[in-house]
Amino acid sequence: MSNTDRASITSLIEHRIREEVRRESREAVDAFASLIDAELSKLGVFAPSTNMCSLIGQVRIKHLDNLVNKRIDALVEQLVQAGKSTAQAEPTPPAFQVGDKVELKSGGPVMTIERFGANGQAVCAWASDNFSGSHDFAPHCLVRAGTVQYNCVSS
């Protein structure tokens, strides 16, 4: 996605949030303006001929900006949290097939995947010298044969 596309999408999101906030907060801001008008009327002052109209307009703009910024911050936080949960998800194990040669990540003999159990476990068989065996392993515990690197300590 290009920077122009991102800026356009960001602008659209902010515009929609601003319109939604304006609709939702109109009643509260109008009540504030009516209260100011009423108080000035008690003093015998005609509000439109004072600086109060300008003040009310500034309060209205500041109030809307604060509400919009809070909504945008909440949206960004949701996106960040969604990204964190995706990033922290366990990596998808490699897709194995019946007949693949595998070994345990921790090491051991080379095994052949004979089948997959209903629980998703790989049923692996191996043979060495006069011994053979078979066992179920979780696929995330396996790697393709030859990809395990053992740490050798020389003395």
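Predicted model only: the values in this text are computed from it and were never measured.
The side-chain hydrogen bond (donor to acceptor under 3.5 Å, both in side chains) analysis of residues 66-76, with sequence neighbours excluded, yields the pairs Glu20-Arg71, Glu24-Arg71. Residue pairs that meet the ring-ring contact (aromatic ring centres under 6.0 Å, His included) test with at least one member in residues 109-135, sequence neighbours left out, are His135-Phe137.
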I'd like to know whether Val143 forms a side chain to side chain contact (heavy atoms under 4.5 Å, CB included) with Val102, so could you lay out the CA-CA distance, the side-chain angles of the two residues, the decisive distance to 0.1 Å, and finally the verdict. CA-CA 6 Å; Val143 294; Val102 296; over 6 Å; no
For side chain to side chain contact (heavy atoms under 4.5 Å, CB included), just list the numbers for Glu14 and Ile72, CA-CA rounded to whole Å, side-chain angles, deciding distance to a tenth of an Å, and then say yes or no. CA-CA 7 Å; Glu14 184 175 350; Ile72 290 172; 3.9 Å; yes
For Arg18 and Asp65, what are the C-alpha separation, side-chain angles and deciding distance, and is it a side chain to side chain contact (heavy atoms under 4.5 Å, CB included)? CA-CA 8 Å; Arg18 189 169 294 284; Asp65 286 345; 2.9 Å; yes
Might you work through the side chain to side chain contact (heavy atoms under 4.5 Å, CB included) test for Asp100 and Thr112, ending with a clear yes or no? CA-CA 6 Å; Asp100 283 351; Thr112 303; over 6 Å; no
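Side-chain atoms of Lys101 never come within 3.5 Å of backbone atoms of Ile113 as a donor-acceptor pair (strictly under, hydrogens ignored).
Using a 4.5 Å heavy-atom cutoff, the side chains of Leu104 and Cys124 are not in contact.
When all heavy atoms of Met111 and Leu142 are compared, the pair lying nearest together is CE-CD2, 4.0 Å. In terms of heavy-atom proximity, Pro109 sits nearest to Glu103 at O-CB, 3.8 Å.
Cluster annotation: Ile17 is not connected to Ile61 through the hydrophobic network of ILVMFWY side chains, with a link wherever side-chain heavy atoms come within less than 4.5 Å. Cluster annotation: Val123 and Val98 are assigned to distinct hydrophobic clusters (Ile/Leu/Val/Met/Phe/Trp/Tyr, side-chain heavy-atom contacts under 4.5 Å, transitive). Follow the hydrophobic side-chain contacts under 4.5 Å out from Leu35 and you never reach Leu40; the two are in separate clusters. Under the 4.5 Å side-chain heavy-atom criterion for Ile, Leu, Val, Met, Phe, Trp and Tyr, Leu75 and Leu12 are members of distinct hydrophobic clusters.
Partners of Glu114 by salt bridge (charged side-chain N to carboxylate O under 4.0 Å, His left out), not counting sequence neighbours: none found.
Ion pairing between a basic and an acidic side chain is recognised when a charged N comes within 4.0 Å of a carboxylate O; Arg16 and Glu19 show no such pairing.
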